[in-house]
Amino acid sequence: MIKNKFIVIEGLEGAGKTHACIYIKNTLNKYNIKNVILVRQPGSTPIAEEIRNLIKKNFNTEDFTKETELLLMYAARIQLVKKIIQPALKRGMWVISDRHDLSSLAYQGGGLGIQEKKIIQLKNLFLRGFIPDLTIYLDVFPKIGLKRALNRNSLDRIERRKLEFFKKTRKIYLKNTQSDQKIIKINANLNINTVQKNIKKKILNWLKQQII
Ligand code: T5A
């Protein structure tokens with residue numbers, strides 16, 4: 001028997017997170033874990049989706065301060081955690097989230113330069129020790145990820161930032177991957193079939209360790 005879990009997928013734009021979330025859900029289903037919900041951050045509640053639209057919008061006359069951007073990310077996150085994720089976990093559901101608080105540490109901390117300790121204070125204040133059981137970090141070179149994102153859509157406000165921003169963001173992801181045993185890194189520069197095969201291998205191995 002395996003207790004229900006909270007799984008997070010992280011990575012830069014175009015890393016393949018959305019694909020991975022669906023792939024993991026299908027893999028869990030095949031192993032008879034059927035009660036799985038998918039959410040994304042920012043988003044997945046009506047209010048958090050409004051915040052998402054605001055965050056992605058290009059304003060011509062004004063830009064967000066980095067603090068505003070961080071607080072909006074957290075506002076959307078708390079809305080989702082309290083309204084959907086924690087109640088679902090209480091009901092015995094598995095939750096897979098496309099991004100979580102590591103994104104804020106990487107983007108607003110690494111990319112925008114907000115002090116890590118301030119972001120951790122925010123995390124402690126509002127998430128109060130609520131952490132994922134597993135994070136899968138899809139590691140992609142910024143140039144490759146942005147090219148994939150560009151091939152799919154026009155770029156939003158954050159995606160329009162300079163390559164340097166994403167390099168600094170990736171650095172923080174890599175730093176956290178090295179220091180946190182609950183984060184599994186997957187090379188997402190490879191073709192999608194190989195990435196999926198590697199995700200499956202890691203997930204099944206991790207599931208075996210969760211049997212009680
Ligand atoms: N943000 C978010 C913060 O700054 N701080 C925070 O705290 C949070 C929570 C959210 C934005 O907000 C920022 C980060 C983001 O800028 P988003 O749309 O949720 O925006 O996130 P994105 O990363 O922008 O989403 P993308 O859709 O661009 O990336 P995904 O989900 O990683 O990639 P996916 O699966 O949609 O794939 C993108 C394209 O690449 C192809 C796919 O087919 C698709 O066309 N692809 C591959 N092609 C070749 N090889 C592979 N291995 C491929 N994997 C995927």
Side-chain angles (χ1 to χ4, degrees), residues 8-26 38-45 48-58 63-81 84-85 96-114 116 118-120 122-123 126-127 132 135-163 165-166 168-170 172-173 176 185-200:
V8 169
I9 315 300
E10 285 280 1
L12 294 179
E13 350 288 298
K17 296 177 298 298
T18 310
H19 270 70
C21 286
I22 298 165
Y23 180 74
I24 292 169
K25 182 176 190 276
N26 292 339
L38 296 182
V39 293
R40 65 175 182 180
Q41 295 189 33
S44 291
T45 85
E49 284 292 326
E50 286 292 325
I51 299 174
R52 178 186 179 88
N53 292 337
L54 187 64
I55 285 167
K56 286 183 158 259
K57 189 170 163 183
N58 286 297
D63 200 2
F64 293 87
T65 71
K66 55 190 177 188
E67 291 81 7
T68 307
E69 187 173 293
L70 173 66
L71 290 171
L72 284 172
M73 295 296 180
Y74 257 89
R77 178 165 305 127
I78 300 311
Q79 191 69 17
L80 175 63
V81 166
I84 307 276
I85 297 180
I96 302 175
S97 181
D98 188 335
R99 298 187 180 278
H100 190 50
D101 65 290
L102 184 54
S103 283
S104 294
L105 214 50
Y107 281 77
Q108 283 68 50
L112 292 183
I114 298 181
E116 182 183 272
K118 288 189 182 159
I119 303 180
I120 304 247
L122 204 55
K123 170 180 166 169
F126 292 114
L127 291 176
T135 298
I136 292 188
Y137 165 57
L138 298 176
D139 183 47
V140 72
F141 294 124
K143 251 191 193 166
I144 294 181
L146 287 169
K147 201 169 160 202
R148 287 181 194 161
L150 185 59
N151 282 341
R152 214 191 38 171
N153 276 324
S154 60
L155 299 181
D156 65 32
R157 188 182 63 86
I158 294 179
E159 289 164 347
R160 286 185 191 190
R161 287 182 176 152
K162 294 200 173 91
L163 197 60
F165 169 86
F166 295 99
K168 287 193 249 170
T169 302
R170 177 169 177 252
I172 297 300
Y173 271 130
N176 279 273
K185 182 178 120 183
I186 303 262
N187 183 351
N189 298 296
L190 306 174
N191 72 63
I192 204 153
N193 289 335
T194 309
V195 173
Q196 287 184 342
K197 228 185 269 170
N198 291 339
I199 291 175
K200 185 174 178 185

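As the structure lists them, so they are numbered: ligands from 1, and atoms in each ligand from 1. Please read these numbers as outputs of a predicted model, since none were measured by experiment.
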- line: Here the pair of heavy atoms bringing Gly110 nearest to Lys168 is O-CB, 3.5 Å
Electrostatic pair Lys123-Glu116, nearest N-O below 4.0 angstrom: no
- prompt: Could Glu159 and Arg152 be called an ion pair, given the rule that one side-chain N must be under 4.0 Å from one carboxylate O?
  reply: no
- request: Check step by step if side chain to side chain contact (heavy atoms under 4.5 Å, CB included) holds for Val8 and Gln41.
  value: CA-CA 10 Å; Val8 169; Gln41 295 189 33; 5.9 Å; no
task: Quick one: do Arg99 and Tyr107 satisfy side chain to side chain donor-acceptor pair (under 3.5 Å)? Show the steps, please.
output: CA-CA 11 Å; Arg99 298 187 180 278; Tyr107 281 77; 3.1 Å; yes
task: Give the ring-plane orientation class for Tyr173 versus Tyr137, where under 30° counts as parallel, over 60° as perpendicular and anything between as tilted.
output: parallel
message: Can you work out which protein residues put a heavy atom within less than 4.0 Å of ligand 1?
response: Leu12, Glu13, Gly14, Ala15, Gly16, Lys17, Thr18, His19, Gln41, Pro42, Arg52, Lys56, Met73, Arg77, Arg99, Ser103, Ser104, Tyr107, Gln108, Arg148, Arg152, Ile158, Glu159, Ala188, Leu190, Asn191, Ile192, Val195
